[in-house]
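Okay, structure first, notes after.
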2 protein chains.
Amino acid sequence: MADFDRFDRCEVTCIHEEAVSAVRQVMISDDVAQSLADIFKTLADSTRVKMLFALMHRELCVCDLAAVIRASESSVSHQLRILRTNKLVKFRRDGKILYYSLADDHVKTLFKQGLEHASHDEAWAAQFLDFIK
Amino acid sequence: MADFDRFDRCEVTCIHEEAVSAVRQVMISDDVAQSLADIFKTLADSTRVKMLFALMHRELCVCDLAAVIRASESSVSHQLRILRTNKLVKFRRDGKILYYSLADDHVKTLFKQGLEHASHDEAWAAQFLDFIK
DNA sequence: TATACATATGAACAGTTGTTCATATGTATA
DNA sequence: TATACATATGAACAACTGTTCATATGTATA
């Protein structure tokens, strides 16, 4: 670590010292980088993407969610736990049934940005961006 | 699949048919869900998050990038390939040195949204959101 | 209290991912 | 053309992730 700070690792000969120290000044900590990565990790699975997209439309129970995305209820339940842990969804109970819904609007915004990046100038994303609003 | 479409799987008894078919109407395709998941997957690693955050500040060569985030040059090079493939970074060559930079502003926006979700009412994200602009 | 049922949880397993180490590629300079 | 060096790539391996299957929990109703 001290070695790193002095830029004196002999294997590395091309370092632009000013550039490196300038960027280090503003660099995020490992913890923050990890938190950020964790959010994206939560969204980095097509099953969860489909679940969140469905919940964007309306609240749904576990079993409906499974039917909508054509997945097993067990799988959906496992994934819901991940979404719950990461505060992306909330739920209310009505008898035996749990109704899940989006915790807030962050997911919508993230999906919007994600689709805009994915689509570039392609047209297929237009209707979904439109739906997201 | 026909079974699914008719909602007649005997194991599933709690389906709200109207809800399920309503959401299916607007549901994204598997391909779109996968594309969206792939974008987030690209951002779902703290090494890549740090690399992108560094490149948000200024363009850097592979070796500088490695020094900034304290990772091996080989690892950084592997990760850069992933970022290149997913069109998040671009590069220019100057002699033997390759300078990498962000491909566009989508990453900034995604990080901003991600941090806002992660931070909720916590203060630690303020300076980074401020830096991102 | 017994039964049914919606959902949750745990263990197991295959598939994926990130790092390291060794080696290859491509560019500049002697 | 030979050497140095910045970067890329491939193979190998450990760590992680998502699904399935079996089982548990919790709630309503008979």
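Sequence lines set the chain letters: A, B, ... in the order given, protein chains first and strands last, and positions in each chain run from 1. All figures in this text were calculated on a predicted structure; none of them were measured in a lab. The figures that follow rest on heavy atoms only: side chains count, while hydrogens, waters and symmetry mates do not.
The distance from atom CZ of A:Arg81 to atom C1' of D:dT25 is 14 Å, rounded to the nearest whole Å. At whole-Å resolution of the value, CZ in B:Arg70 and P in C:dG18 are 22 Å apart. One interatomic measurement links the two molecules: CD of B:Gln79 to P of D:dA8, which rounds to 12 Å at whole-angstrom precision. As rounded to whole Å, 15 Å separates atom P of D:dA6 from atom CG of B:Leu65. Counting to the nearest Å, the P atom of C:dT27 and the CZ atom of B:Arg92 are 16 Å from each other. Distance, A:Asp45 CG to C:dG15 C1': 13 Å, rounded to whole Å. The distance between atom NZ of A:Lys41 and atom C1' of D:dT17, rounded to the nearest whole Å, is 10 Å. Note: CG (B:Asp38) to P (C:dT16) measures 12 Å, nearest angstrom.
Pair check for D:dA12 finds C:dT19; Watson-Crick or G-U wobble, both atom distances under 3.5 Å. The base-pairing partner of C:dA30, taking Watson-Crick or G-U wobble contacts with both distances under 3.5 Å, is D:dT1. In this structure, C:dA14 forms a base pair with D:dT17, meeting either the Watson-Crick or the G-U wobble geometry with both donor-acceptor distances under 3.5 Å. Using Watson-Crick or G-U wobble geometry with both donor-acceptor distances under 3.5 Å, D:dT7 finds its partner in C:dA24.
Below 30°, between 30° and 60°, or above 60°: for B:Phe91 and B:Tyr100 the angle between ring planes is between 30° and 60°, a tilted geometry. In this structure, B:Tyr99 and A:His16 have tilted ring planes: the angle between them lies in the 30° to 60° band.
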B:Asp30 vs B:Gln34, side chain to side chain donor-acceptor pair (under 3.5 Å): CA-CA, chis, key distance, verdict: CA-CA 6 Å; B:Asp30 287 356; B:Gln34 192 58 60; over 6 Å; no

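The shortest distance between the side-chain N/O atoms of A:Arg48 and the OP1/OP2 oxygens of D:dG18 is below 4.0 Å. In this structure, A:Arg84 reaches the C:dA8 phosphate: one of its side-chain N or O atoms is under 4.0 Å from OP1 or OP2.
Comparing D:dG26, C:dA8, C:dT9 against the side chain of A:Leu80 picks out C:dA8 as the nearest. Side-chain proximity of A:Lys96 to C:dT9, C:dT19, D:dT27: nearest is D:dT27.
If you check every strand for non-hydrogen atoms under 4.0 Å, B:Tyr100 touches sugar and phosphate atoms only.
Between A:Ala44 and B:Ser77, it is B:Ser77 whose nearest contact on DNA chain D lies nearer the 5' terminus.
Judged by ring centres under 5.5 Å apart and planes tilted less than 30 degrees, A:His78 fails to stack against the six-membered base ring of D:dT19.
With hydrogens and angles ignored, a donor-acceptor pair closer than 3.5 Å exists between the side chain of B:Ser74 and the base of C:dC21.
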